[in-house]
Amino acid sequence: MTARITRAVALRVLRQLRHDPRTVALLVLVPTLLVTLLRFLFDRRPGQFDAVGAPLVGLFPLVSMFLVTSITVLRERTTGTLERLLTTPMAKADLLGGYGIAFALAATLQAVVVSAVAFGLLGLDTAGSPLAVGALAVGNAVLGTALGLFVSAFATTEFQAIQFMPAFVLPQLLLCGLFVPRAAMAPALRTASDVLPVTYAYDSLHRIAADGTLGGRGALDLAVMGAATVLAVILGAATLRRRTA
């Protein structure tokens with residue numbers, strides 16, 4: 001892995017995003033509008049907004065970056081751009097690192113805007129600091145980027161890539177404990193949730209929002225999220241086939 005090549009790949013992806021203002025606008029505005037809608041949905045129950053607002057602020061970037069990454073990388077695969085890049089001396093680690101850095105920067109922008117609106121304008125109040133929630137949101141966005149990179153290998157059209165959202169991400173959201181506490185789930189569902197990375201993403205956000213600290217269990221959550229991110233990147237790298245010029 002070479003820092004110069006990785007930086008060049010990241011700059012290339014960022015230039016592509018800059019020339020696609022509608023995608024950037026959707027990245028920033030959609031989660032913000034959803035959080036705003038949630039605030040007014042619980043207008044007469046502000047405590048409920050405080051309870052679910054922080055986890056959703058942290059999970060929205062995961063979902064949106066999953067979609068953006070899977071579609072963008074699929075487009076690169078189907079147009080042959082990735083194959084052409086891999087005919088050069090560029091290492092897979094350079095390619096994946098560049099994409100990861102670029103999308104992590106985009107995710108940071110998204111997380112900052114959503115957190116600023118939620119805490120600054122909508123009055124979201126949690127035991128943990130907004131900075132901690134924002135940092136977890138960025139980490140979740142990086143996880144969503146890695147998962148999107150991995151699943152893009154299994155789609156042949158952008159429509160199929162979009163369908164991975166309800167097929168791959170939505171079940172994780174349903175089982176993570178956001179809608180029903182995991183302790184109240186049937187044993188089979190609780191066991192299934194134990195092996196899903198979004199469960200640990202939600203746990204860390206819920207713990208920060210409720211207790212203000214991650215504690216020992218929070219360290220485990222972060223370790224699992226990090227391991228899931230690395231595993232998804234490794235599996236994604238395995239789907240990249242190098243060709244000689």
Side-chain angles (χ1 to χ4, degrees), residues 1-36 57-118 120-121 130-131 133-153 155 157-162 164-165 169 229 232-233 236-237 239-240:
M1 186 174 182
T2 306
R4 179 178 57 82
I5 298 177
T6 302
R7 184 173 64 251
V9 174
L11 291 175
R12 172 181 169 273
V13 176
L14 289 174
R15 281 196 296 271
Q16 287 180 326
L17 286 176
R18 189 186 64 184
H19 292 148
D20 190 357
R22 282 179 294 185
T23 297
V24 176
L26 288 172
L27 271 175
V28 174
L29 293 181
V30 169
T32 304
L33 291 176
L34 290 176
V35 171
T36 304
V57 165
L59 290 176
F60 280 146
L62 184 151
V63 177
S64 58
M65 293 312 297
F66 173 86
L67 275 174
V68 169
T69 304
S70 58
I71 293 174
T72 302
V73 176
L74 172 67
R75 192 177 297 165
E76 299 274 44
R77 291 176 189 271
T78 55
T79 57
T81 303
L82 284 182
E83 284 76 7
R84 287 195 293 274
L85 289 173
L86 289 173
T87 61
T88 69
M90 176 187 300
K92 290 181 181 179
D94 292 319
L95 188 65
L96 295 173
Y99 273 90
I101 291 171
F103 286 127
L105 291 174
T108 301
L109 172 65
Q110 182 190 65
V112 168
V113 172
V114 175
S115 298
V117 171
L121 299 180
L131 185 61
V133 175
L136 288 174
V138 173
N140 289 337
V142 174
L143 173 61
T145 297
L147 295 176
L149 175 66
F150 171 58
V151 302
S152 69
T157 65
E158 293 184 7
F159 179 74
Q160 291 178 5
I162 293 173
F164 274 119
M165 215 290 282
V169 175
T229 301
V233 170
T239 66
L240 298 177

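Every value quoted in this text rests on a predicted model; they were computed, and no experiment measured them.
In this structure, Met65 and Leu27 have side chains that are in contact, with non-hydrogen atoms separated by less than 4.5 Å. Using a 4.5 Å heavy-atom threshold, the side chains of Asn140 and Pro61 count as separate. Inter-residue side-chain proximity for Leu105 and Leu14 is flagged as met; some heavy-atom pair is nearer than 4.5 Å. Between Tyr99 and Leu149, the closest side-chain pair of non-hydrogen atoms is not below 4.5 Å.
Shown here for Ala137 and Val57, the closest heavy-atom pair between the two residues is CB-O, 4.0 Å. Heavy-atom minimum distance, Phe164 versus Ala155: CE1-CB, 3.7 Å. When every heavy atom of Leu109 is checked against every heavy atom of Val28, the shortest pair comes out as CD2-CG2, 4.1 Å. The shortest non-hydrogen separation linking Leu74 to Ser152 is CD1-O, 3.9 Å. Ala111 and Val138 get closest at one heavy-atom pair: CB-CG2, 3.8 Å. Of all heavy-atom pairs between Val35 and Ala118, the closest is CG1-CB, 3.9 Å.
In this structure Arg12 satisfies the salt bridge (charged side-chain N to carboxylate O under 4.0 Å, His left out) test together with Glu76, sequence neighbours excluded.
Atom CD1 of residue Ile71 and atom CZ of residue Phe66 lie 9.5 Å apart, to the nearest 0.5 angstrom. The line from CG of Leu62 to CG of Leu67 is 10.0 Å long, rounded to the nearest 0.5 Å. Between the CG atom in Leu143 and the CG atom in Leu136 there is a gap of 12.0 Å [rounded to 0.5 Å]. To the nearest 0.5 Å, the span separating OG1 on Thr72 from CG on Leu17 amounts to 6.5 Å. Atoms CZ and OG1, from Phe60 and Thr32 in turn, are 9.5 Å apart once rounded to the nearest 0.5 Å.
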Quick one: do Arg18 and Val24 satisfy side-chain contact (heavy atoms from CB on, under 4.5 Å)? Show the steps, please.
-> CA-CA 7 Å; Arg18 189 186 64 184; Val24 176; over 6 Å; no
